[in-house]
Undergrad: 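Here it is, the structure in full.
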Amino acid sequence: MIKPFVPQLVYIEPRALEYPLGVELKNKFEKMGLEIRETTSHNQVRNIPGKNHLQQYRTAKSTLVVGVRKTLKFDTSKPSAEYAIPLATGCMGHCHYCYLQTTMGSKPYIRTYVNVEEILGQAGEYMEERAPQITRFEASCTSDIVGIDHLTHSLKRAIEFFGDKEMGRLRFVTKFHHVDHLLDAKHNGKTRFRFSINADFVIRNFEPGTSALDQRIEAAVKVAKAGYPLGFIVAPIYIHDGWQEGYKELFEKLDHYLPEEVRRDITFEMIQHRFTKPAKRVIEKNYPKSKLELNEEERRYKWGRYGIGKYIYPKDQEQELRDTLEDYIDHYFPNAKVEYFT
């Protein structure tokens with residue numbers, strides 16, 4: 001049973017103490033007896049303890065940095081939203097395949113931003129610009145925000161902010177089951193709560209430090225019963241011995257646990273396993289014993305938007321993955337919506 005995240009080490013940016021949340025977090029961490037250090041900037045944390053790269057990497061993944069988000073310009077987001085809303089950066093999970101390893105590079109520590117009202121104010125401006133169209137915001141492009149929210153409640157604040165807005169929708173995805181404090185949030189159906197799920201083989205081998213599948217599904221039932229629209233991301237879809245059976249068991253389990261009344265509005269997003277050359281280098285450095293298959297010869301090269309291509313499965317394998325998983329969804333969840341397969 002994975003416990004809610006508690007950082008081993010906390011860094012606080014002096015400016016963060018100009019915000020109520022910064023002061024609140026400092027007091028909370030002092031009471032918890034955690035080691036607190038000062039840092040000039042959340043982007044410049046130095047001297048993370050450890051004798052070698054692997055030790056420093058592991059310590060960084062359990063280090064929380066409390067800072068102020070200076071850049072309020074939001075990135076344009078993924079297939080599922082117009083903008084990424086930056087409430088936190090980094091994650092305490094150790095998923096071997098995660099793209100955050102390359103985007104965060106030498107800063108694998110977790111950052112939470114205390115100027116939440118300014119960030120939400122910026123979201124409000126984006127909504128006004130696009131009105132009368134609805135604007136969707138993704139809160140988990142750079143972090144697993146649920147994993148730290150029991151400490152910060154920034155996500156809860158955002159959920160209630162969007163609950164009041166006609167023109168905005170919030171969405172995020174998590175691999176953690178620590179959702180109890182979010183169940184009474186006044187979301188008004190404006191936030192889609194998504195869970196990342198996978199075949200048992202993938203979770204067991206490549207997702208250390210995250211909640212077990214059963215716990216994620218149990219949490220999904222709780223949030224759906226609390227009235228949140230529910231979604232699942234099946235990612236990365238990974239070919240392994242017996243993968244057809246592995247993914248079938250996943251959907252059987254989901255079907256078994258999800259009561260009829262929470263199935264009115266379920267979405268599925270599907271992402272096949274992919275990697276870039278830089279990602280492969282970082283993965284092999286951070287997880288030298290990983291069994292993750294990263295063989296370029298067995299993949300198809302697909303050019304990316306920014307000139308960095310990625311290795312995905314050959315066309316025939318991709319089609320088989322897609323057909324197989326869409327068949328399972330069709331069989332077990334005929335009323336669900338498949339948002340995309342990529």
Side-chain angles (χ1 to χ4, degrees), residues 2-17 22 25-26 28-30 32-71 86-114 140-152 154 174-176 178 196 203-211 236 275-292 294 308:
I2 187 157
K3 292 193 170 88
F5 172 70
V6 174
Q8 280 181 355
L9 182 57
V10 175
Y11 284 86
I12 299 180
E13 210 178 62
R15 268 193 67 203
L17 300 176
L25 289 175
K26 182 172 189 269
K28 179 184 281 189
F29 296 142
E30 280 173 349
M32 291 166 76
L34 302 180
E35 183 184 345
I36 299 174
R37 300 179 179 182
E38 192 178 285
T39 179
T40 48
S41 157
H42 64 78
N43 283 322
Q44 300 294 331
V45 176
R46 308 244 192 276
N47 304 327
I48 286 191
K51 290 188 186 119
N52 54 36
H53 169 76
L54 282 182
Q55 282 185 8
Q56 285 173 336
Y57 177 73
R58 295 202 171 278
T59 307
K61 294 282 271 179
S62 58
T63 296
L64 182 65
V65 182
V66 179
V68 176
R69 175 84 185 192
K70 295 178 190 71
T71 318
L87 298 169
T89 305
C91 177
M92 67 294 299
H94 279 275
C95 300
H96 296 184
Y97 51 74
C98 182
Y99 67 86
L100 285 184
Q101 293 187 64
T102 38
T103 51
M104 294 181 65
S106 60
K107 301 171 193 166
Y109 47 82
I110 302 153
R111 284 166 270 185
T112 186
Y113 306 117
V114 293
S140 50
C141 284
T142 55
S143 71
D144 190 319
I145 183 77
V146 174
I148 56 168
D149 203 63
H150 60 284
L151 298 170
T152 66
S154 307
T174 185
K175 292 187 173 103
F176 293 96
H178 310 118
S196 174
I203 293 176
R204 214 176 51 241
N205 285 292
F206 308 128
E207 297 186 358
T210 64
S211 297
F275 62 90
T276 61
K277 265 194 162 52
K280 178 176 175 173
R281 281 196 297 273
V282 176
I283 291 163
E284 288 174 342
K285 189 177 172 193
N286 291 343
Y287 300 104
K289 295 194 172 103
S290 179
K291 296 184 176 73
L292 194 65
L294 298 168
I308 296 180

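By convention here, the first residue in the shown sequence is residue 1. Side chains included, hydrogens not; waters and symmetry mates left out as well; all remaining heavy atoms used.
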Undergrad: Looking at every heavy atom in both P86 and R69, which two are closest together, and how far apart are they?
TA: CB-CZ, 3.6 Å
Undergrad: Could you grab the distance from atom OG1 of T174 to atom CG of D149, nearest 0.5 Å is fine?
TA: 10.0 Å
Undergrad: Is it the case that atom NZ in K285 sees more than 12 heavy atoms from other parts of the structure closer than 6.0 Å?
TA: no
Undergrad: What are the two closest heavy atoms between F5 and L151, and how far apart are they?
TA: O-CD1, 3.7 Å
Undergrad: How far apart are the C-alpha atoms of K107 and V45, what are their side-chain angles, what is the distance that settles it, and do they pass the side chain to side chain contact (heavy atoms under 4.5 Å, CB included) test?
TA: CA-CA 8 Å; K107 301 171 193 166; V45 176; over 6 Å; no
Undergrad: Find the distance between CD (E13) and NZ (K70) and round it off to the nearest 0.5 Å.
TA: 4.0 Å
Undergrad: Counting C-beta onward and ignoring hydrogens, is there a side-chain heavy-atom pair between L64 and F29 closer than 4.5 Å?
TA: yes
Undergrad: Do the two ring centres, one from Y287 and one from Y57, sit under 6.0 Å apart?
TA: yes
Undergrad: Taking all non-hydrogen atoms of both residues into account, name the closest pair between C91 and L100 and its distance.
TA: CB-CD1, 4.4 Å
Undergrad: Minimum heavy-atom separation for H150 to P4, with atom names?
TA: NE2-CB, 3.6 Å
Undergrad: Within a reach of under 6.0 Å around CG of N52, are more than 12 heavy atoms found that belong to other residues, nucleotides or ligands?
TA: yes
Undergrad: Is H96 reaching over with its side chain to a backbone N or O of K289, donor-acceptor style, under 3.5 angstrom?
TA: no
Undergrad: Would you say the side chain of P288 lies within less than 4.5 Å of the side chain of L54, judging by non-hydrogen atoms?
TA: yes
Undergrad: In terms of side-chain heavy atoms, does T89 have a donor or acceptor partner in Y113 at a distance below 3.5 Å?
TA: yes
Undergrad: Just by modelled atom types, is the V68 backbone N or O under 3.5 Å from a matching donor or acceptor in the H42 side chain?
TA: yes
Undergrad: Does F176 have any ring pair (Phe, Tyr, Trp, His ring centres under 6.0 Å) partners at least two apart in sequence or in another chain, and if so, which?
TA: none
Undergrad: Within this structure, what is the NE2-CD distance for the pair H94 and E207, rounded to the nearest 0.5 Å?
TA: 13.0 Å
Undergrad: Output the distance between atom OH (Y11) and atom CZ (R111), rounded to the nearest 0.5 Å.
TA: 13.5 Å
Undergrad: Can you check whether L294's main-chain N or O pairs, donor with acceptor, with K280's side chain at less than 3.5 Å?
TA: yes
Undergrad: What are the two closest heavy atoms between C95 and K175, and how far apart are they?
TA: SG-NZ, 3.6 Å
Undergrad: Quickly, which of I36, L17, V114 forms a side chain to side chain contact (heavy atoms under 4.5 Å, CB included) with V66? Name it, please.
TA: V114
Undergrad: Which residue is it: V6, I148, T210? I am looking for the one with a side chain to side chain contact (heavy atoms under 4.5 Å, CB included) to M92.
TA: I148
Undergrad: Can you confirm whether the side chains of H53 and N286 place a donor and an acceptor under 3.5 Å from each other?
TA: yes
Undergrad: Within the structure provided, determine whether S143 and I110 are in side-chain contact (heavy-atom separation under 4.5 Å).
TA: no
Undergrad: Please report the closest heavy-atom contact between T59 and Q8, naming both atoms and the distance.
TA: CG2-OE1, 4.1 Å
Undergrad: To the nearest 0.5 angstrom, please state how far the CZ atom of R58 sits from the CD1 atom of I48.
TA: 14.5 Å
Undergrad: Taking side chain as C-beta onward, heavy atoms only, is L9 less than 4.5 Å from P49?
TA: yes
Undergrad: Taking atom CG of N47 and atom CD of Q56, what is their separation to the nearest 0.5 Å?
TA: 9.0 Å
